[in-house]
Amino acid sequence: MDAQTSYQLLGKLLVYLELSGASNDRRTFNGALALLADGVAGNEHSVRFEDLLARIPDYFELGEPSIPPVAPPIRRSSIGYFTDD
């Protein structure tokens with residue numbers, strides 16, 4: 001794999017890790033380099049970004065993604081029907 005492709009994959013990987021909650025420090029950078037180097041060692045002609053993403057749990061401990069609630073919690077209440085007695 002050429003250097004330009006390696007740089008692009010490393011950049012994408014670092015952005016993905018940062019957006020996933022990994023700290024932006026030397027340890028994360030070295031882990032990303034190790035992940036990329038191990039990925040290239042197995043297949044020097046083509047390394048897909050999806051393959052690197054699948055191996056992230058082997059190198060990093062990322063928290064579970066927090067998904068916001070889809071709707072507010074349901075609470076029992078009156079909808080305002082009144083009778084005119």
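As the structure is a computational prediction, the values presented were derived from the model and not from experiment.
Going from atom NZ of Lys12 over to atom CG of Leu53 covers 9.5 Å, rounded to the nearest 0.5 Å. Taking CG of Leu9 as the reference point, atom CD of Gln4 lies at 10.5 Å (rounded to 0.5 Å). With rounding to the nearest 0.5 angstrom, the CG atom of Asn24 is 9.5 Å from the CG atom of Leu17.
With sequence neighbours left out, the side chain to side chain donor-acceptor pair (under 3.5 Å) criterion links Ser6 to no other residue.
Across every non-hydrogen atom of Ala54 and Pro57, the tightest pair is O-CD, 3.6 Å.
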Under 3.5 Å, which donor-acceptor pairs link side chains of residues 25-33 to any protein atom two or more places apart or in another chain?
residue : atom : partner : partner atom : Å
Asp25   : OD1  : Ser23   : OG           : 3.3
Asp25   : OD1  : Thr28   : N            : 3.1
Asp25   : OD1  : Thr28   : OG1          : 2.9
Asp25   : OD2  : Ser23   : OG           : 3.3
Thr28   : OG1  : Ser23   : O            : 2.6
Asn30   : ND2  : Arg26   : O            : 3.4

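More than 12 heavy atoms of other residues, nucleotides or ligands lie within 6.0 Å of CZ in Phe49, so this atom counts as buried by the packing criterion. Other residues, nucleotides and ligands contribute over 12 non-hydrogen atoms within 6.0 Å of the OH atom of Tyr59.
Val15 belongs to a hydrophobic cluster with Leu19, counting contacts under 4.5 Å between side-chain heavy atoms of Ile, Leu, Val, Met, Phe, Trp and Tyr, direct or through other members.
Judged as a salt bridge (charged side-chain N to carboxylate O under 4.0 Å, His left out), the pairs with a partner in residues 47-56 (not counting sequence neighbours) are, in order, Arg48-Asp51.
Side-chain contact between Leu52 and Ile56: absent, with no pair of heavy atoms (C-beta onward) separated by less than 4.5 Å.
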